[in-house]
Amino acid sequence: MTAPSLFGAVLRHHKNRVLTAALRGHGLRFASFVRQEGYIGGQWVPAASGKLFPVTNPANGEVVGNVADMGEQDAQAAIDAAYNAFQTWHKTTAKERSDLLRKWYNLVQEHKEDLAHLMVLESGKPLVEARGEIAYGSAFLEWFSEEARRIYGEVVPSPATSKEIIFVRHPIGVASMITPWNFPNAMITRKAGAALAAGCTCVVKPAEDTPFSALALAELAEKAGIPPGVVNVVTASHDNTPAVGNLMCSSPKVAGVFFTGSTRVGKLLYRQCAQGVKRIGLELGGNAPFIVFDSANVKNAVAGLMLAKFRNTGQTCISANRVLVQEGVHDQFLAALKEAVEQRVVGDGLKDGVTVGPLINATQLKRVEKIVQETVDCGAHVEMGGSVHSAGECFFQPTILTGVTEDMCCFKEEIFGPVVAIKKFKTEEEAIKIANATEHGLASYFYSQDVSQVWRVARSLEADHEQVQDQRTIEGCSVYIQA
Ligand code: ADP
């Protein structure tokens, strides 16, 4: 069947007319992955309760579409399907799994424009970033399709002549995956790609704000020929999520739980996994320092901050949260930063040239508003922005606050919005002390052109890190992503 005729069929029969019309409005040619049902055991199924929940576009508040509001019964069916599929999937060869992952990757690539548009509609992120995420997200499928063949064992010298010690790697079984709305595609491919390559099967529960991207990936997994039950997607509203999440952690048929999201929910899942002593992988909140030393190339530091702060409107776990600028370059840095921020274009992510989209929902907007208000009440100065943006209910103005001190809430909480909070510092020791004064060592950034300082600071920051050196300017940027 050719893509346009399939698209036509979908438009005729699909209940999510609003969504398909929106996609068609953007000239998309292939929208069969716009699904309303969950995906369990290779079947597209409604919630056992028959309930649906709406997904809204944060740029304009319109309902993008409705998806199945699944509960415990549906989650159990998905776990059963994954458990049954594991019995045969884990016996497949690495080459078979590699080929299927590669096919999945190729299909994501083929449909990258539609997937990116779909992501903008439900997440609000600018199209250019959504395209970037599809490239980044699909790269995990490609990577793991290659790594599937490299799951080696080990032979260890034995202390006894009559014994051999051999380590053989086995897939653990069913992997539960609970994923966030800020990277609706990549947080699934990163987890599912690894699981499938190893021979595990999975149950994915996407965030309630962005289920369509997950369902689209499942549709493409099905088209790639990944066997029924190997990938399952359970969509659930905010109300049903705790019960679904609990089962995904506690079911004896689940071998491991993998989560990206808030520290609060991560701790809860950790507790729920304890009873069954499940393997668990958590990527939780951050409070990244971004340090600009007097020795920095200010232009590059500003460019770095624009990326680290404004990507996804500041809604990433490795967003720069506490900006520390040394007094010698503070004013120069601030002037250049203001110029860069002024060039940001706020609006609907599907409009040409837009670089700052809405926050994910009104709750998140209120959180950001409250953090800014409290920071200003405590004495910080608003250099730019500072309030809700007129573009819509979920938009916040790109904001710069100066005169911030460590005790203000914007340095203690994850802002998760387009707000740069700057504190001036005097010495390297002071900056390191402030940077390390957090329990969230997820990521850190610094700019310096002094080679000794680059190494010294990289070793002192209590966020583990990769050091990236720009050969021309010898700058250090340390970023750690907790696995
Ligand atoms: P955020 O605050 O960024 O939305 P959350 O941690 O609340 O981050 O959400 C990340 C993922 O965790 C989403 O898929 C969400 O539905 C899920 N989630 C939220 N609460 C629970 C819970 N009680 N049990 C299991 N999953 C949950």
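Order of appearance sets the numbers: ligands from 1, and atoms from 1 within every ligand.
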_Taking distance alone, with N or O pairs closer than 3.5 Å, would you say K205 contacts ligand 1?_
yes
*When the aromatic ring centroids of Y447 and F290 are compared, is their separation below 6.0 Å?*
yes
*Residue and atom name of the nearest protein heavy atom (relative to atom 4 (O) of ligand 1), distance in Å to one decimal*: W181 NE1, 2.9 Å
*Among protein heavy atoms, which sits nearest to atom 12 (O) of ligand 1, and what does the distance come to when rounded to 0.1 Å?*
F259 CE1, 3.3 Å
*Where is the nearest protein heavy atom to atom 20 (N) of ligand 1: which residue, which atom, and how far?*
V265 CG2, 3.5 Å
_Using a 4.0 Å cut-off to any heavy atom of A207, which atoms of ligand 1 qualify?_
13 (C), 14 (O)
*Could you tell me whether L268 approaches ligand 1 through its side chain, its backbone, both or neither, with non-hydrogen atoms closer than 4.0 Å?*
side chain
*Please answer whether the main-chain N or O of E122 pairs with a side-chain N or O of D209 as donor and acceptor at a distance below 3.5 Å.*
no
_Ionic contact status for K223 with E219, cut-off 4.0 Å_ = yes
*asked:* Checking a contact table here: which protein heavy atom is nearest atom 26 (N) of ligand 1, and how many Å away?
replied: T241 CG2, 3.5 Å
*Among all protein heavy atoms, pick out the one at the shortest distance from atom 14 (O) of ligand 1; state its residue, atom name and that distance to 0.1 Å.*
T179 O, 2.7 Å
*If you have a sec, work out which protein heavy atom is nearest atom 17 (C) of ligand 1 and how many Å separate them, to one decimal?*
I178 CG2, 3.7 Å
_Under 4.0 Å from a heavy atom of L269: which atoms of ligand 1 are those, numbered in the order shown and with their elements?_
24 (N), 25 (C)
*State whether F259 and K205 meet the cation-pi test: NZ (Lys) or CZ (Arg) under 6.0 Å from the six-membered ring centroid, and within 45° of the perpendicular axis.*
no
*G245 neighbourhood, listing ligand 1 atoms whose heavy-atom distance to it stays under 4.0 Å*: 25 (C)
*asked:* So if I count the atoms of ligand 1 from 1 in the order they appear, which ones are less than 4.0 Å from some heavy atom of E208?
replied: 15 (C), 16 (O)
*What is the distance from atom NZ of K253 to atom CG of L247, rounded to the nearest 0.5 Å?*
10.5 Å
*Ring geometry between F395 and H389 (parallel below 30°, tilted from 30 to 60°, perpendicular above 60°)*: tilted
_Please check this pair: side chain of E129 against backbone of N312, looking for a donor-acceptor N/O pair closer than 3.5 Å._
yes
*Is the backbone of C200 close enough, under 3.5 Å, to the side chain of W89 for a donor and an acceptor to pair up by distance?*
yes
*Got the closest protein heavy atom to atom 5 (P) of ligand 1, with its distance?*
S262 OG, 3.6 Å
*Have S237 and D239 got a donor and an acceptor in their side chains that come within less than 3.5 Å?*
no
